[in-house]
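Numbering of residues begins at 1 and proceeds along the displayed sequence.
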Amino acid sequence: MRHVIALDVGGTGMKAALVGAVDAAPSGGTPPVLHRARRATGREHGPDAVVESILAFAADLRAHGERHFGESAAAVGVAVPGIVDADRGIAAYSANLGWRDVPLRALLSERLDGIPVALGHDVRTGGLAEGRIGAGQGADRFLFVPLGTGIAGAIGIDGRVEAGAHGFAGEIGHIVVRPGGTPCPCGQRGCLERFASAAAVSEAWAEASGDPEADAADCAKAVEAGDPRALAVWQEAVDALADGLVTALTLLDPRTLIIGGGLAEAGETLFTPLRAAVERRVTFQKLPTIVPAALGDTAGCLGAGLLAWDLLSTTSPSNPASEVTP
């Protein structure tokens, strides 16, 4: 059975799948997932060990496909965090994984005997899946914003995700929403992710509640219970998020705004006040549909599979797939 390898590399763990042909899915549906697996990155052993873990995992996945589906994977899609040069297939930088300028596409293709490889940024890859087969399905323009440890974004245009001229498109978490505010590791002050990420809400609620172990999920529960301290923390995050999102929709005019990540797991505790806050701020702008992400933590892996199938669809025998830009 024809299939591709999909790898989603995170800060501590990797999610992987063998993904069947897109045309085997129901119309507009999710491609069939034939096999799933997880493995630690081994980052405690250094960046070289992380790279070797990725290569070994991919090799094991190929072997599984050969044993169980009668043939080797046709291509590999891999999503990685940090700064990614997708054109050249290089994982340029990741603070969490400690690597710089890793020629990951070439290394994977070599380890897998020339199998073509597509490399993508983790958030943009997850956004590709959400836009094409998830919450943004059918929208010609969407913005995917996951609220996790930080905040990033994926700009969707006609079924593809815009990387920008230098690979930095969508970094909505570094829109300054509170000038002169909390310092951000990026070097600015008052960035959106310092106020509205899951990590920021966790930090604010831990301080307000006096419980150093409290996190954003605990804050959401306290909001639902009517705790005034939690309501204040939550509203500050919602207001900052709305300010950042209105800036983004003013520039991008998306038809659908998809909110994902850990904070979105609060459901309507987040979405009801957020929709209201965005609506209060728009003037001439068209209000997009604001929806929760549909694919959860499988988005990156499914998106990596889509990258691999997209790569194959743009490849001809005279144009080696490993040289095609995903």
Side-chain angles (χ1 to χ4, degrees), residues 8 10 79-84 86 94 120-132 134-137 139-178 184-186 188 190-201 237-265 270-271 274-275 277-278 281-282 285-297 299-300 302-304 306-307:
D8 178 18
V80 297
I83 299 171
V84 181
S94 171
H121 179 272
D122 57 352
V123 172
R124 288 196 290 272
T125 302
L128 177 69
E130 281 289 353
R132 198 179 293 180
Q137 188 175 336
D140 55 347
R141 300 288 190 277
F142 70 86
L143 178 63
F144 169 58
V145 181
L147 310 173
T149 303
I151 299 177
I155 302 164
I157 303 172
D158 292 331
R160 302 194 69 82
V161 173
E162 172 60 42
H166 308 96
F168 296 143
E171 290 293 345
I172 184 176
H174 297 290
I175 290 176
V176 174
V177 294
R178 300 292 181 265
C184 180
C186 80
Q188 300 185 115
C191 288
L192 174 61
E193 70 175 40
R194 300 301 299 145
F195 297 91
S197 64
V201 173
V238 166
D239 286 340
L241 182 56
D243 288 340
L245 291 176
V246 169
T247 298
L249 69 88
T250 302
L251 292 171
L252 301 173
D253 189 25
R255 197 171 307 278
T256 303
L257 181 54
I258 306 166
I259 307 297
L263 212 58
E265 293 176 6
L270 173 67
F271 283 92
L274 179 61
R275 291 186 185 107
V278 171
R281 286 162 171 77
V282 297
Q285 304 94 336
K286 293 295 184 182
L287 193 66
T289 302
I290 302 175
V291 297
L295 302 176
D297 70 355
L302 289 169
L306 292 174
L307 282 183

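- The shortest heavy-atom contact between P146 and A152 is CD-O, 3.3 Å.
- Side chains of D122 and V80 form no contact here, defined as non-hydrogen atoms less than 4.5 Å apart.
- Using a 4.5 Å heavy-atom cutoff, the side chains of L241 and L147 are in contact.
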Candidate pair V145 and I151, rule side-chain contact (heavy atoms from CB on, under 4.5 Å), full reasoning: CA-CA 7 Å; V145 181; I151 299 177; 3.7 Å; yes
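- Of all the heavy atoms in G159 and R132, the pair that sits closest is O-NH2, 2.8 Å.
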Stepwise salt bridge (Lys or Arg N to Asp or Glu O under 4.0 Å) test for D140 and R255: CA-CA 7 Å; D140 55 347; R255 197 171 307 278; 2.7 Å; yes
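- For the pair R124 and G153, the tightest heavy-atom approach, listed with the atom from each and the gap, is CG-O, 4.5 Å.
- In this structure, the side chains of E265 and L270 stay at 4.5 Å or more apart for every pair of heavy atoms.
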Criterion side-chain contact (heavy atoms from CB on, under 4.5 Å) on V278 and L249, from CA distance to verdict: CA-CA 10 Å; V278 171; L249 69 88; 4.1 Å; yes
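- With values rounded to the nearest 0.5 angstrom, D253 atom CG is found 9.0 Å from R141 atom CZ.
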Step-by-step side-chain contact (heavy atoms from CB on, under 4.5 Å) determination, F271 to I259: CA-CA 9 Å; F271 283 92; I259 307 297; 3.7 Å; yes
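- For D297, the salt bridge (Lys or Arg N to Asp or Glu O under 4.0 Å) criterion is met by R38, not counting sequence neighbours.
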Residues T256, I258; criterion side-chain contact (heavy atoms from CB on, under 4.5 Å); working and verdict: CA-CA 6 Å; T256 303; I258 306 166; 3.9 Å; yes
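- When side chains are defined from C-beta on, L252 counts as touching I155, because their heavy atoms get closer than 4.5 Å.
- At distances below 3.5 Å, at least one donor-acceptor pair connects side-chain atoms of R275 with backbone N or O atoms of I290.
- Under the 4.5 Å side-chain criterion, counting only non-hydrogen atoms from C-beta, T125 is not in contact with D8.
- A heavy-atom distance below 4.5 Å is not found between the side chains of T149 and S197.
- The two residues G127 and V161 have their closest heavy-atom pair at C-CG2, 4.1 Å.
- Put simply, NZ on K286 and OG1 on T250 are 13.5 Å apart, with the number rounded to the nearest 0.5 Å.
- With rounding to the nearest 0.5 Å, the separation of CG in L251 from CD1 in I175 is 7.0 Å.
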Please output the side-chain donor-acceptor pairs of residues 164-174 that fall under 3.5 Å, not counting sequence neighbours, one pair per line with the distance.
none

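- Residues that satisfy the salt bridge (Lys or Arg N to Asp or Glu O under 4.0 Å) test with R281, not counting sequence neighbours, are D239, D243.
- The nearest pair of heavy atoms linking A129 to G303 is CB-N, 3.6 Å.
- The minimum heavy-atom distance linking G300 with A79 is given by the pair O-CB, 4.4 Å.
- Listed for the E130 side chain is a donor-acceptor partner under 3.5 Å among the backbone atoms of A135.
- Side-chain atoms of P185 and R194, non-hydrogen and from C-beta on, do get closer than 4.5 Å to each other.
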